[in-house]
Amino acid sequence: MLPSLQFYNSLTRTTEPFQPIEAPTVKLYVCGPTVYDFPHLGHARCYMSWDVLVRTLMLFGYTVTYVRNITDVDDKILARAEAQSTTPEAVAELNTQRFHEDMQALNTLSPTVEPKATDHIKGEHGMFAMIETLIAKKHAYVTATGDVNFETATMADYGKLSKRPPEAVQAGARVSVDADKRHPSDFALWKANPEDSYAWNPPEGLAFQGVKRGRPGWHIECSSMIRTVLGETIDIHAGGADLIFPHHENEIAQSECCSGKTPFVRTWMHNGFVNVDGEKMSKSLGNFSTIRDLLEHYPANTLRYFILTNHYRMPVDFTPEALDAAHNWSVKFSIFMTQLLPTFPAMAETLPAWEDETARALLQSQLPEFLEALASDLNTPRALASVNGLVKQLRKAETVTEKQSLLTVLLIALQVLGFRVADFLQIDTENGEQQSNRPTLDEFISAFSTALSAEQVALFQTAEAWESGVLALRAEAKRAKNWALADAIRSGVEKLGGAMTDTPQGSSISW
RNA sequence: GGCGACAUGGCCAAGUGGUAAGGCGGAAGUCUGCAAAACUUCUACUCCCCAGUUCGAAUCUGGGUGUCGCCUCCA
């Protein structure tokens, strides 16, 4: 028996057994990015966490309809377009591409469907259609300026997700008072801005009621895309913890009042935030790192390990020390894999499938604690602990058969967690620094001038020749048991920032 | 003011009633010409504080202290 999947549901604030409406299909919606800038570490955490959710669901035999949107209409996109004298469409397109590149670099699975907000303004379940229904059902009203607001007072259980009834919002000190709102907690479904070029004309029915040309409010897009792509009730809706209020709260209000069906979402899942030195990482504080900056210094596997050593609901404090600790693990693990994998070329070539019946059965018999950890609300720290235990076992394994069987399990587990196995084999070329770190010809010459004779120095004309030449000279020195020269050559390499490692098969240099 | 989260060894981090996972770092030893890696062993009588419930609590209850988040765009 597979352990039963349990997820923490933000709506009920308890951990519940997971049961999709139409097993084996799981309808999953993840709030995607607003594409106005490079994705940052916070996005990496969020989307890697949900990546593991998708992989876990697949491992447990579900077919996941994974929908993750692109928010391509938003004030920040408009502001960026203006600042860069370009169009909002161009800003959105550029940053969507960056997002895709980064997600791929982080080895996250692509969503089944990736809807764009602007493609869902019109249409049968588009934003206009929903707005029209909400007005007809008296849940929304048109203002004098041509906006449409949702009237929170018309929903009896408004605030059930964030436990924040309208009265509480009213008491909040920082809620801006909008004269057009009947209640401070009412929120915009449609924002009129007739003068702006990036705007949509309402259909006749809405125009007749006074709705003016403009653009959608922030929350309606997700409701509309979910309705269109997945339907009125979905299994899981996931996103960052900061979206609980107001975004997800308002999604619930719109969707449930529009369809008249409850619940709109059966399980709400939210990931914790990335902090820097104990403070939330945010654009306004300027303390964020972009994914590509980080990938310049650390391979994707290191970032993934760093993220997965924390449970997804806990805040993560981002410090150089913590990332270095993760990287040290990565390096050690890479060395291990580099030594082990080549002895099983067939497996390295074609990795075992990780999401099928066979993989499941293998994990269940060989590494049950791994499955249990993931089933317990995606406890990736515990899953990683079981992987480490497996590695220890594998290191001690003596027979080829034993090694092969343990390695199969390991390769499956790594893939379930979203590690890119091939990257572990090329960590030195993968950390992006080999270009800048590899010494030049002059640097080689000056580093070895004391260790080598003038004739030896003159032998090599290029940096590449130096590298292989140095290895050859050192091999010769070792053969002659000239330890002084062998050590001098190694310290020369170290002086250049490299590391020379001896193995029974010979020496190698990593930069 | 309202809602919420978290406090575990040098650092990171699991554990939600049965006597402290895992990683990083550190120490000693084995191995190797020396390094590196690996291997072996060690590295929290104790889980922010106080009181209570219990045969038994890091885990439950009450109180306190501290840190952080949301309530405004944010993953």
Side-chain angles (χ1 to χ4, degrees), chain A residues 10 13 15 30-34 36-37 39-50 71 74-76 79 159 161-165 167-176 184-185 218 238-247 249 270-275 278-285 288 305-306 308-311 313-317 319 321-336 338-339 369 373 376 379-389 391-392 395-396 477-478 481-484 486-487 490-491 494 499-504 507-508 510:
Chain A
S10 306
R13 305 198 176 182
T15 302
V30 172
C31 270
T34 301
Y36 70 102
D37 204 351
H40 55 70
L41 179 58
H43 294 103
R45 201 233 173 148
C46 174
Y47 299 119
M48 277 199 226
S49 298
W50 306 129
T71 297
D74 174 272
D75 289 349
K76 291 187 292 296
L161 178 67
S162 59
K163 305 286 183 284
R164 220 185 295 253
E167 311 84 80
V169 175
Q170 190 171 29
R174 293 193 287 173
V175 172
S176 60
S185 68
W218 174 33
D242 61 329
L243 297 178
I244 293 174
F245 188 89
H247 187 54
E249 193 69 73
H270 293 96
N271 64 279
F273 267 62
V274 176
N275 296 327
E279 282 203 308
K280 178 177 166 175
M281 185 173 94
S282 73
K283 292 276 166 137
S284 50
L285 289 170
F288 62 94
Y305 185 84
F306 170 67
L308 297 187
T309 47
N310 291 70
H311 184 85
R313 283 195 281 120
M314 297 291 107
V316 173
D317 200 21
T319 61
E321 293 76 22
L323 205 53
D324 283 342
H327 192 58
N328 288 343
W329 176 89
S330 232
V331 169
K332 282 189 183 182
F333 189 71
S334 288
I335 291 168
F336 165 70
T338 310
Q339 288 167 352
E369 63 273 27
S376 309
N379 195 324
T380 51
R382 235 164 68 200
L384 283 172
S386 78
V387 167
N388 282 321
V391 169
K392 208 168 222 174
R395 286 187 146 129
K396 287 181 185 166
K478 283 182 68 178
K481 294 199 192 300
N482 184 349
W483 306 128
D487 288 349
R490 184 166 57 202
S491 70
E494 281 165 4
M500 175 165 275
T501 310
D502 297 339
T503 69
S507 305
S508 65
S510 52

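First the proteins, then the strands, lettered A, B, ... as listed; each starts at 1.
Rounded to an integer number of Å, the gap from NZ of A:Lys396 to C1' of B:rU41 is 12 Å. Rounded to whole Å, the distance from CZ on A:Phe245 to C1' on B:rC73 is 14 Å. The separation between A:Asn275 atom CG and B:rC70 atom C1' is 13 Å, rounded to whole Å. The nearest whole Å value for the distance from the CG atom in A:Asp317 to the C1' atom in B:rA7 is 13 Å. Here the P atom of nucleotide B:rC24 and the CG atom of A:Asn328 are 8 Å apart, to the nearest Å. For A:Lys280 and B:rU67, the NZ to P distance is 19 Å, given to the nearest whole Å. Taking atom CG of residue A:Asp74 and atom P of nucleotide B:rC73, one finds them 10 Å apart after rounding to whole Å.
The phosphate of B:rA13 (OP1 or OP2) has a side-chain N or O of A:Asn310 nearer than 4.0 angstrom. Regarding contacts with the backbone of B:rA5, every side-chain N or O of A:Arg313 stays at 4.0 angstrom or more from both OP1 and OP2.
The gap from the P atom of B:rC45 to that of B:rA20 amounts to 11 Å, rounded to the nearest Å. Rounded to the nearest Å, the gap between the P atom of B:rU53 and that of B:rG62 is 15 Å. Between the P atoms of B:rG1 and B:rU43, the separation comes to 47 Å (whole Å). Going from the C1' atom of B:rG18 to that of B:rC6 covers 26 Å, rounded to whole Å. Separating the P atom of B:rG22 from that of B:rU41 is a span of 12 Å, rounded to the nearest Å. For the C1' atoms, the distance from B:rC68 to B:rG29 is 44 Å, rounded to whole Å. Between B:rA44 and B:rA13, the two C1' atoms lie 14 Å apart (nearest whole Å).
Nearer the 5' end of RNA chain B, as judged by each residue's closest nucleotide, is the contact made by A:Val316, out of A:Val316 and A:His247. When each of A:His311 and A:Thr501 is assigned the nucleotide of RNA chain B bearing its nearest heavy atom, the one mapping closer to the 5' terminus is A:His311.
Here the nucleotide nearest the side chain of A:Arg164, chosen from B:rC3, B:rG2, B:rA38, is B:rG2. Set against B:rA37, B:rG4, B:rA13, the side chain of A:Arg13 has B:rG4 as its closest nucleotide. Checked against B:rA13, B:rA75, B:rC73, the side chain of A:Lys76 finds its nearest nucleotide in B:rC73. Residue A:Leu243 has its side chain nearest to B:rA75 when only B:rA75, B:rC34, B:rU40 are considered. When distances run from any side-chain atom of A:Lys478 to the nucleotides B:rG33, B:rU40, B:rA75, the shortest one goes to B:rG33.
Separating the OG1 atom in A:Thr319 from the CG atom in A:Asn275 is a distance of 11.0 Å, to the nearest 0.5 Å. Separation of atoms CZ (A:Arg490) and CH2 (A:Trp483) is listed at 10.5 Å; rounding is to 0.5 Å.
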Show each protein N/O and nucleotides 21-23 of chain B N/O combination with a separation under 3.5 Å, one pair to a line.
| residue | atom | partner | partner atom | Å |
| --- | --- | --- | --- | --- |
| B:rG22 | O2' | A:Asn388 | ND2 | 2.8 |
| B:rG23 | O2' | A:Tyr305 | OH | 3.1 |

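As judged by a 4.0 angstrom heavy-atom cut-off over every strand, A:Leu41 is placed among residues making no nucleic acid contact. Residue contacts for A:Gly240: at a heavy-atom cut-off of 4.0 Å it reaches the sugar-phosphate backbone alone, with no base atom in range. Residue A:Phe306 is classed as having no contact, given no heavy-atom separation below 4.0 Å to the nucleic acid. Within the 4.0 angstrom heavy-atom criterion, no nucleotide atom of any strand lies near A:Val387. A:Arg45 comes within 4.0 angstrom of no nucleic acid atom, judged by non-hydrogen atoms across all strands. If you check every strand for non-hydrogen atoms under 4.0 Å, A:Asn379 touches sugar and phosphate atoms only. As judged by a 4.0 angstrom heavy-atom cut-off over every strand, A:Asn271 is placed among the base-contacting residues. Using a 4.0 Å heavy-atom cutoff across all strands shown, A:Lys481 reaches no nucleic acid atom at all. Among the atoms of the strands shown, base atoms are found under 4.0 Å from some heavy atom of A:Met500. Residue A:His270 is out of contact with every strand shown, counting any heavy-atom pair closer than 4.0 Å. A:Met281 comes within 4.0 angstrom of a base, heavy atoms only. Across all strands shown, A:Asp242 has heavy atoms under 4.0 Å from base atoms, whether or not it also approaches the sugar-phosphate.
You'll find a donor-acceptor pair under 3.5 Å spanning the side chain of A:Arg490 and the base of B:rA35, going by distance alone.
Residue A:Glu249 comes nearest to A:Lys163 through the heavy atom pair OE1-N, 4.3 Å, listed as atom of the first residue, atom of the second, then distance. Between A:Cys31 and A:Tyr47, the closest heavy-atom pair is O-OH, 2.9 Å. Minimum heavy-atom separation, A:His40 to A:Phe288: CB-CD1, 4.1 Å. Listed here is the closest heavy atom pair of A:Ser386 and A:Ala383: OG-O, 2.7 Å.
In this structure, the side-chain hydrogen bond (donor to acceptor under 3.5 Å, both in side chains) partners of A:Ser507, at least two apart in sequence or on a different chain, are A:Arg474, A:Asp502.
Formation of a donor-acceptor pair under 3.5 Å by the A:Arg45 side chain with backbone atoms of A:Gly272 is found in this model.
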Bracket notation of RNA chain B in which parentheses pair within the strand, [ ] cross earlier pairs, and | pairs with another strand (Watson-Crick or G-U, under 3.5 Å)
((((((((.[[[..)..(...]]]((((((.......))))))....[[[[[..)....]]]]])))))))....

